[in-house]
Each structure stands twice: as C-alpha cells, then as structure tokens.
Amino acid sequence: MNGFIFPYTTRLVKKEKVNHNVVRFSVQRPFGFNFIPGQAVDLSIDQPGCELEVAPFTIISAEDDPYLEFIIKIRPNKDSLTYRLSALRPGAVIQLSRPWDTFEYRGQGHFIAAGTGIVPFMPILDYIQRFVPEFTESHLLVYATKSKEDVLFEKRLRRMLGNNFITRLSSPTASAKLPGRIDFGFLQSIVQKKDQYFYICGPKSFEFEMMTHLMKIGVDQKRIQTGYTFGQGKPLNS
C-alpha cells in the first residue's frame with residue numbers, strides 16, 4: 001500500500017511539447033470531477049511497476065473545459081514518473097486523486113516563481129485578473145529561469161501584467177546585459193510594501209532562500225506562501 005487513493009481513472013488524450021524538457025498533457029475529464037482554479041491532483045500511471053510513482057501536478061485547464069491539462073517538466077532519469085509519462089501514448093490509463101488546494105489567494109502582492117514553479121500561478125492569475133480591480137497595477141510577477149528558452153507562458157504573462165512581469169535569467173551563458181538571478185538586493189529593490197502578500201513556488205531550496213530574504217527585509221512570515229505548505233508536502237509540477 002502506498003497510502004494514495006485514486007478515485008478517478010482517465011486516459012491520455014494528447015501530449016504536446018512546450019520546450020526542450022516540458023510537455024503539456026491533456027487527459028479526459030472524469031465524470032463528476034470538479035475543481036477550482038489553482039487546485040492540484042496527485043497523479044500516477046496505471047501500469048505494473050508504477051504503483052509507487054506518484055507526484056502532484058496543478059490543473060491548468062479552465063473549470064468548464066472537457067479535458068484536464070497539466071504542464072510537466074520531464075526528468076532525464078528513465079525511472080522517474082515524468083520520464084515514464086513522456087513515453088506514454090494516447091489511450092494510456094492515468095490515475096488521479098481528488099483535487100486539493102495549493103496556494104490560497106489572500107490579496108494583492110508579489111508572485112515569485114522559478115522554472116515550472118510558474119505553473120501553479122497561472123490558473124490563479126487568470127482567475128483574479130477577471131475579478132480583482134486594477135489587477136495589473138496591484139500585482140507583480142518575478143519569474144526566474146536558466147535561459148530565455150525556458151520561460152513558459154511568456155506572451156500570455158506579458159499581455160496580462162505588462163511591465164509588472166519581470167524575468168530573471170541565471171544561466172552563465174545568458175547575456176551579461178540581461179538581469180541575473182533573484183538575490184537579496186534585487187528583492188529589496190522591488191518590495192515597496194511589506195504588508196502585502198508573497199507567493200513563492202519553485203524548488204525547495206529556492207523557496208527557502210526567497211522566504212529567508214523576504215523575512216530579512218522585514219516581511220512577516222504569515223504573509224508568505226510556498227508550494228511546500230500544502231498537499232503532500234512535495235514540490236508541485238516536479
């Protein structure tokens with residue numbers, strides 16, 4: 001027994017390459033499956049040998065879509081769940097848990113993401129854009145990746161947030177003229193209000209570093225959310 005319960009079984013409809021190591025997966029939406037923007041599921045492949053391979057992924061499709069969509073970063077390890085997902089063909093059976101909450105939107109502030117950590121923020125940003133007055137002016141997104149080719153949803157985020165969408169590139173091969181990684185000095189320069197909210201998602205080390213910097217600046221920890229607070233305590237979209 002692995003401790004996971006999968007009340008939903010579905011099938012892979014299609015997969016689409018987003019960039020060199022990220023794939024968009026579409027699966028049939030199971031009957032009676034309801035969710036709210038920002039929720040995630042635990043996912044597994046219904047095949048012998050995959051019983052213990054379970055990982056959480058954010059649902060990025062709209063509430064009324066007939067399919068469920070996920071953005072998944074493929075790990076090169078052939079024994080990893082993501083690698084096995086990348087090898088599946090349409091029709092393969094996928095197991096899903098009930099949806100569970102990831103980030104709770106509490107109010108205006110800064111979203112800070114690294115790599116595929118941007119994925120959990122997309123449905124939340126889409127949703128609050130529709131209902132929060134002056135959305136663009138009251139929210140800022142900082143997105144860190146290794147290179148420009150690794151930036152996901154760039155055009156969509158640029159349309160959504162304009163100049164309040166900032167990318168930071170950490171690859172040593174990136175142009176020296178481009179901004180580098182997110183460090184204490186950079187955060188200190190963009191945090192104008194300490195009583196707003198901060199939403200952080202990325203590798204565990206990244207989340208810990210960002211939280212440490214923000215608290216050093218003077219932000220109350222209660223105003224900081226990370227992707228390791230919820231669900232099974234695992235990184236989302238890993």
Side-chain angles (χ1 to χ4, degrees), residues 4-19 21-47 50 53-74 81-82 84-105 111 113 115-132 135-136 139 141 143 150-161 165 199 201 225 227 230-232 234-238:
F4 287 88
I5 297 175
F6 296 103
Y8 299 104
T9 299
T10 183
R11 291 185 181 275
L12 177 65
V13 177
K14 65 177 179 178
K15 57 185 181 180
E16 176 186 5
K17 192 172 183 179
V18 177
N19 63 23
N21 64 351
V22 176
V23 176
R24 180 191 299 266
F25 285 82
S26 297
V27 304
Q28 294 173 345
R29 184 169 181 168
F31 178 78
F33 186 97
N34 297 308
F35 67 97
I36 60 176
Q39 287 188 317
V41 295
D42 291 302
L43 182 153
S44 182
I45 303 172
D46 188 13
Q47 289 181 356
C50 298
E53 295 293 331
V54 181
F57 297 101
T58 304
I59 305 166
I60 65 164
S61 45
E63 295 172 90
D64 54 354
D65 284 351
Y67 302 108
L68 300 178
E69 292 190 340
F70 306 94
I71 295 290
I72 300 176
K73 183 175 182 178
I74 307 302
L81 175 63
T82 59
R84 292 180 179 181
L85 283 168
S86 71
L88 294 179
R89 296 182 178 181
V93 179
I94 303 293
Q95 300 179 115
L96 304 175
S97 71
R98 290 185 175 86
W100 43 270
D101 292 338
T102 56
F103 290 86
E104 176 189 358
Y105 178 70
F111 289 82
T116 51
I118 188 63
V119 177
F121 293 155
M122 294 308 298
I124 298 172
L125 291 170
D126 283 337
Y127 182 80
I128 61 179
Q129 182 186 29
R130 296 165 54 194
F131 298 106
V132 176
F135 164 79
T136 301
H139 296 81
L141 169 64
Y143 182 16
D150 294 312
V151 178
L152 302 175
F153 311 108
E154 182 172 16
K155 291 182 180 179
R156 186 169 157 194
L157 288 167
R158 191 69 65 191
R159 288 195 302 268
M160 185 184 297
L161 290 159
F165 169 48
Y199 310 87
C201 193
Q225 288 188 52
F230 308 93
Q232 303 295 327
K234 303 174 185 176
L236 289 168
N237 311 290
S238 55

Discussion item. Quick check against the 3.5 Å criterion: does Ser44 have a side-chain atom that pairs as donor or acceptor with the backbone of Gln95?
Written reply: no

Discussion item. With heavy-atom distances below 4.5 Å as the criterion, would you say the side chains of Asn34 and Glu63 are in contact?
Written reply: no

Worksheet entry | Minimum heavy-atom distance between Arg29 and Pro66, given as atom pair plus value | CB-O, 3.0 Å

Worksheet, complete the sentence: Asp46 meets the salt bridge (Lys or Arg N to Asp or Glu O under 4.0 Å) criterion, sequence neighbours left out, with none

Worksheet entry | Donor-acceptor under 3.5 Å (Tyr143 side chain, Phe111 main chain) | no

Worksheet item: Got more than 12 heavy atoms from elsewhere within 6.0 Å of CZ, Phe131?
Response: yes

Discussion item. If you define the side chain from C-beta out and look only at heavy atoms, does anything of Tyr8 sit under 4.5 Å from Ser97?
Written reply: no

Fill in: Result of checking Val54, Val27, Leu85, Thr10 against Leu43 for side chain to side chain contact (heavy atoms under 4.5 Å, CB included)
Leu85

Practice prompt. Output yes when a side-chain donor or acceptor of Lys15 lies under 3.5 Å from a complementary backbone atom of Ser26, and no otherwise.
Written response: no

Discussion item. Holding to side-chain contact (heavy atoms from CB on, under 4.5 Å), I want the full list of residues that pass it with Ala87, two or more places apart in sequence or in another chain.
Written reply: none

Item to complete: On the 0 to 90° scale, with breaks at 30° and 60°, tag the Tyr105-Tyr199 ring pair as parallel, tilted or perpendicular.
Response: parallel

Worksheet item: Leu96 versus Leu68: any side-chain heavy-atom pair under 4.5 Å?
Response: yes

Fill in: Backbone N/O of Val151 and side chain of Glu154: donor-acceptor pair under 3.5 Å
no

Worksheet entry | Donor-acceptor pair, side chain of Arg84 and main chain of Ile45, under 3.5 angstrom | no

Worksheet item: With Arg98, which residues qualify under salt bridge (Lys or Arg N to Asp or Glu O under 4.0 Å), at least two apart?
Response: none

Worksheet item: Would Phe70 and Phe25 count as a close aromatic pair, with their ring centres under 6.0 Å?
Response: no

Worksheet item: From Met122 CE over to Phe153 CZ, what is the distance, rounded to the nearest 0.5 angstrom?
Response: 5.0 Å

